[in-house]
Amino acid sequence: MSVTQSPLIEVLQPISAPGVGGGIEFQMREIPFRTHLNLRGDPNDSQFMNCASSLLGVELPLAPNSVTENSEWRVCWLGPDEWLLLGLTAQDVLAEFRNQFLRFHSAVVELSGGQTIIRIGGHAWRDVLASACPLDLHPRAFKPRQCAQTVFAHTNVLLISVSDEGGCEVIAVDLVVRRSFADHLGRWLIDAATECGFEFGLPIE
Amino acid sequence: MLEIECPWCGPRDQDEFSYGGEAHIVRPLSPENLNDREWGDYLFFRDNKKGQHAEQWCHAAGCRRWFNVIRDTVSYRIVSVYRSGDSSSGESP
Ligand SMILES: [Zn+2]
């Protein structure tokens with residue numbers, strides 16, 4: 001029998017530990033088992049773009065490092081002809097998407113088992129992330145509805161901003177990381193967050 | 001550390017990029033007509049310029065696109081950045 005198991009099962013047990021000042025300023029949890037699809041296609045092919053928006057219910061973002069989303073999909077710009085489609089629920093759509101998209105010069109690749117999402121939040125998330133990430137995380141540079149592929153602790157990650165209800169302020173970040181690096185990244189975050197106090201495994205609001 | 005402006009993603013840390021050597025080296029149209037010295041020149045020999053140098057970079061940890069950079073090899077200052085297929089003044093040829 002095969003069992004679906006999160007790559008972070010040994011790291012992200014529900015736990016909390018106050019920091020040096022006694023507070024808890026960093027939160028982290030995993031968002032496992034979502035649909036991850038990589039889509040490539042020609043943004044100048046209007047039929048391809050229309051096909052994508054009718055399948056997803058949302059347009060593919062064309063501005064570099066921007067995100068579009070609706071209640072089912074979050075679509076991240078990865079390159080001028082490349083997107084990551086993140087299903088907000090587990091969806092079995094690969095066969096249908098392949099049928100639809102392969103009418104065009106395009107590619108759909110299933111990545112769901114190959115990567116996972118770690119959501120980090122709390123007052124100190126910028127400081128913890130900046131401990132091993134060269135990206136400019138200042139609110140004027142890293143904004144709502146933005147994503148960025150970069151490195152964190154020598155690991156390739158895709159950062160996706162998570163905004164408050166009004167969509168004005170980035171309150172958390174989703175790190176999309178390869179499965180085999182998730183354990184390393186989880187442990188690095190624990191180490192980096194020890195000073196400010198952390199809480200794992202609970203929903204971040 | 002250099003801060004390099006990816007033509008798609010904007011300014012990013014050098015950590016995210018990989019270097020691809022001198023830019024605009026044209027592959028000979030008929031390699032079978034070259035002698036060993038000419039083919040060796042094409043494959044292995046580069047200008048090693050002092051001053052403004054056209055070079056290729058890939059935003060390897062970002063959008064994974066190749067592009068061109070004019071960099072001063074004395075001061076390390078990046079003079080301009082342009083997409084593959086564009087000219088250094090930013091216009092398509
Ligand atoms: Zn880039």
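Labels below follow one simple rule: chain letters A, B, ... track the order of the sequence lines, proteins then strands, and each chain is numbered from 1.
Listed here is the closest heavy atom pair of A/Pro80 and B/Arg65: CD-NE, 3.4 Å. B/Trp8 and A/Pro64 make their closest contact through O-CB, 3.1 Å (heavy atoms, listed as atom of the first residue, atom of the second, distance). Residues A/Asn156 and B/Ala60 approach most closely at ND2-O, 4.3 Å, considering heavy atoms. Nearest heavy atom pair, residue A/Gly79 against residue B/Cys63, reads CA-CB, 4.2 Å.
Rounding to the nearest 0.5 angstrom, the gap separating the CD atom in A/Gln149 from the SG atom in B/Cys9 is 7.0 Å. Between the CZ atom of B/Arg12 and the CG atom of A/Asp136 there is a distance of 10.0 Å, given to the nearest 0.5 Å.
More than 12 heavy atoms of other residues, nucleotides or ligands sit less than 6.0 Å from atom CZ of A/Arg98. Counting heavy-atom neighbours within 6.0 Å of A/Gln13 CD, excluding the residue itself, gives a total above 12. Applying the 6.0 Å contact sphere to CZ of B/Arg37 captures no more than 12 heavy atoms from other residues, nucleotides or ligands. Residue-environment remark: CG (B/Asn33) exceeds the threshold of 12 foreign heavy atoms within 6.0 Å. For B/Glu55, the CD atom counts as densely surrounded, since its 6.0 Å shell holds more than 12 non-hydrogen atoms of other residues, nucleotides or ligands. Environment of CG in B/Asn35: crowded, with over 12 heavy atoms of neighbouring residues, nucleotides or ligands closer than 6.0 Å.
Contacts of A/Thr4 classified as side-chain hydrogen bond (donor to acceptor under 3.5 Å, both in side chains), with partners at least two apart in sequence or in another chain: none.
Here A/Leu135 is the residue among A/Val157, A/Leu135, A/Leu158 with the most heavy-atom pairs under 4.5 Å with chain B. The most heavy-atom pairs under 4.5 Å with chain A, out of B/Glu16, B/Gln14, B/His59, come from B/Glu16.
Using a 4.5 Å cut-off between heavy atoms, A/Ala148 touches chain B through backbone and side chain atoms alike.
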